[in-house]
Amino acid sequence: MSSKESCRSELRIAIRQLSDRCLYSASKWAAEQLVGIEHDPVKFTPSNTRFQRGSSSIRRKYKTHDVTVTPIAGVSYVATPVMEEDELVDDDFYLQAKAYFDCREYKRAAHVLRDQNGRKAVFLRCYALYLAGEKRKEEEMIELEGPLGKSDAINRELVSLERELSTLRNNGKIDPFGLYLYGLVLKQKGSENLSRTVLVESVNSYPWNWNVWTELQSLCKTVDILNSLNLNSHWMKDFFLASVYQELRMHNDSLSKYEYLLGTFGNSNYIQAQIAKAQYSLREFDQVEAIFEELLSNDPYRVEDMDMYSNVLYAKECFSALSYLAHRVFLTDKYRPESCCIIGNYYSLKGQHEKAVVYFRRALKLNKNFLSAWTLMGHEFVEMKNTPAAVDAYRRAVDIDPRDYRAWYGLGQAYEMMGMPLYALHYFKKSVFLQPNDSRLWIAMAQCYETDQLRMLDEAVKCYRRAANCNDREAIALHNLARLLSELGRPEEAAFYYKKDLERMESEEREGPKMVEALLYLAKYYRAQKKFEEAEVYCTRLLDYTGPERETAKSILRGMRTVQSGFPSMDVEHFPPNPF
């Protein structure tokens, strides 16, 4: 059996087992990967698959290796035996409990299975109790503090579940699904080390439950923790590593893993969406837009991850495309957090910030831990000059995910607006630590160092230099760096960066005050260096403008001609002496 057929066979069995245990999100993920397995060209016919996208532009772009074995070539994978079904389960009781569970009647489902001792029944009973506790916790939070407020509500089932599941594990009477639930309970109680150990046991014995990998990923906050995990070598591990690399901001490593996975799962929408996420973090917006356009053409009713697509359209100010996307998700499923964020972005781009806040609040009512909604709502409050509300929103975001650099950056902006540069600098440093390749963060730090309260100009120069080396799309860093070096009396360095900025403006065919400033500075600099030919080139370009810079250029030209003819001139502007 080929590696693709082996993956396909494993996933088919896993989908049935996961659905049978009401782990529907994991089952959905597995089903998407099953359909994403590329068909062998010899066996492919239109009748045995719904679509084939192996020749897509995205596939060609990211797949550079012809991988014909299960994802990473040359690695031998540990075969994981398919778990045998439990024979101690009374099917009638189990089916009744599952029906109650599917209707969200969790306590009734647990009650039906109270006398069932099979591992499958024990898992569903414990899982139903866990979800009943979560449901009651959500209700208490709304009752005590409102849908967006903080509260001390807890899941009251955790203590009894931990006691029961711990006993089962110690007695060797727990299956991989029970280990998953035990790890989940331990994580909620704050026992992260033991939770990691239990979750690793679960994935090593049953690797197809994506929910376990997701929980394990949330506990891998550093590379050292990730490297300490003793994971079996299975193709599901590659999905996990690609995802956790992305969370740890190792975007190139993540892209490399997904590139290998495309060798087997060439038609996977999930992998394409994850590639888009990595490219989004690298600010490759054109590539991200192309990927999402193809995703929507293949899966027109997709809402998942589309909020990121809306962020790209917002950044590129694509009004019509964002309007179309907002209308599309509204008709598909308007009560999804992603849909609300997309509509909020649409109103924000139109400048209707109050309406945008309404939709971001709606997203949070649907899912109070939806990170993007908190961050985007903070941005809107900044636009509305409501800094206390912005700070609160950003703090809620970093409480949910301390690795969200956008929220730290937002906190820095808010404190900068309040005239508190030291606080702002603290938060900008946190954001730049998490996203060191984003020029906007370095520019924000530099501007903070330039404030009247700090005036740490040498540090500002360092930050602008970092920004200039980080693909500064807004073309702010080079100009500000040249201006600052000029103020510090470092003309050679200033001229170097003014020249680089001028070259960039010429390549992008941009005109404006920055070009005039660069031309004027370079004309004066080369005049002071007695490089009259270069100075004349810049002065001649300034003669095309109609403002005072035209008269200044004429004055410089007259002065240079007077000097060249051997007579002193009284109207020549003297350039500061060169310290170098």
Side-chain angles (χ1 to χ4, degrees), residues 3-4 6-7 10-11 14 25-26 29-30 32-34 36-38 58-59 62-80 176 179-180 183 187 192-193 195-282 291 305 401 403 434-435 437:
S3 60
K4 291 179 183 178
S6 175
C7 290
E10 290 176 21
L11 283 169
S25 60
W29 187 91
E32 288 177 352
Q33 307 325 307
L34 173 63
I37 296 175
E38 193 173 42
I58 297 172
R59 173 76 191 287
Y62 291 104
K63 185 194 169 192
T64 59
H65 303 282
D66 290 328
V67 184
T68 56
V69 297
T70 306
I72 297 183
V75 176
S76 60
Y77 286 79
V78 175
T80 304
L179 288 170
Y180 157 60
K187 180 189 165 190
E192 293 192 357
N193 290 333
S195 177
R196 270 193 296 270
T197 301
V198 171
L199 292 172
V200 167
E201 288 178 23
S202 177
V203 294
N204 281 344
S205 54
Y206 188 87
W208 302 283
N209 185 354
W210 183 244
N211 287 0
V212 188
W213 293 107
T214 303
E215 294 300 332
L216 190 56
Q217 174 182 305
S218 69
L219 295 170
C220 293
K221 297 174 182 176
T222 66
V223 177
D224 291 337
I225 291 175
L226 175 64
N227 292 336
S228 70
L229 301 180
N230 184 23
L231 297 168
N232 288 345
S233 194
H234 186 273
W235 55 264
M236 282 291 291
K237 178 183 174 182
D238 297 319
F239 277 100
F240 166 71
L241 290 176
S243 182
V244 79
Y245 284 157
Q246 195 158 290
E247 285 297 311
L248 294 172
R249 308 291 172 189
M250 300 164 63
H251 302 301
N252 291 322
D253 293 319
S254 177
L255 284 171
S256 178
K257 278 288 181 188
Y258 284 125
E259 179 183 314
Y260 276 113
L261 285 164
L262 282 173
T264 298
F265 301 89
N267 296 332
S268 170
N269 283 341
Y270 168 80
I271 292 178
Q272 290 190 8
Q274 296 308 305
I275 288 172
K277 283 184 181 180
Q279 293 292 350
Y280 176 78
S281 298
L282 295 170
I291 293 172
D305 301 318
D401 184 3
R403 292 173 291 185
L434 293 167
Q435 189 77 355
N437 296 319

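Reckoned from all heavy atoms, side chains included, excluding hydrogens, waters and symmetry mates.
Ser228 places a side-chain N or O within 3.5 Å of a backbone atom of Ile225 that can act as its donor or acceptor partner. Checked by atom type and distance alone, the side chain of Ser195 pairs as donor or acceptor with a backbone atom of Gly183 at under 3.5 Å. A donor-acceptor contact shorter than 3.5 Å links the side chain of Gln435 to the backbone of Ser281.
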- Task: Applying side chain to side chain contact (heavy atoms under 4.5 Å, CB included), run through Gln274 and Ile271 and close with a yes or a no.
- Result: CA-CA 5 Å; Gln274 296 308 305; Ile271 292 178; 5.6 Å; no
- Verdict with supporting geometry, Val203 and Met236, side chain to side chain contact (heavy atoms under 4.5 Å, CB included): CA-CA 9 Å; Val203 294; Met236 282 291 291; over 6 Å; no
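No side-chain heavy atom of Tyr258 sits under 4.5 Å from any side-chain heavy atom of Tyr245. Using a 4.5 Å heavy-atom threshold, the side chains of Leu248 and Arg403 count as touching. Contact annotation: the side chain of Asn232 never approaches that of Lys237 to less than 4.5 Å [non-hydrogen atoms, C-beta and beyond]. Taking 4.5 Å as the limit, every side-chain heavy atom of Val212 sits out of range of all side-chain heavy atoms of Leu179. Between Tyr260 and Asp238 there is no side-chain heavy-atom pair separated by less than 4.5 Å.
Below 30°, between 30° and 60°, or above 60°: for His234 and Trp208 the angle between ring planes is above 60°, a perpendicular geometry.
Atoms CG and NZ, from Asn252 and Lys257 in turn, are 14.5 Å apart once rounded to the nearest 0.5 Å. One finds the CE atom of Met250 at 7.5 Å from the CG atom of Leu226 (value rounded to the nearest 0.5 Å). Interatomic distance, Leu241 CG to Trp213 CH2, rounded to the nearest 0.5 Å: 7.5 Å. Taking CG of Asn204 as the reference point, atom CG of Leu229 lies at 9.5 Å (rounded to 0.5 Å). For the atom pair Ser254 OG and Arg249 CZ, the distance stands at 11.5 Å (nearest 0.5 Å). In this structure, CD1 in Ile37 is found 9.0 Å from OG in Ser3, a value given to the nearest 0.5 Å.
A distance below 6.0 Å separates the ring centres of Trp235 and Phe265. Ring centroids of Trp29 and Phe239 are separated by less than 6.0 Å, placing the two rings close together.
Within a 6.0 Å radius of CG in Asn230, no more than 12 heavy atoms belonging to other residues, nucleotides or ligands are found.
Side-chain atoms of Asn209 and Ser202 include no donor-acceptor pair closer than 3.5 Å.
Applying the salt bridge (Lys or Arg N to Asp or Glu O under 4.0 Å) test to every pair with at least one member in residues 206-215, sequence neighbours left out, gives these pairs: Lys187-Glu215.
Summarising the geometry of Ile291 relative to Gln272, their closest heavy-atom pair is CG2-O, 3.4 Å, with the distance given to 0.1 Å. Minimum heavy-atom separation, Leu262 to Ile275: CD1-CD1, 4.0 Å.
A salt bridge between Lys221 and Glu192 is present, with a side-chain N of the basic residue lying under 4.0 Å from a carboxylate O of the acidic one.
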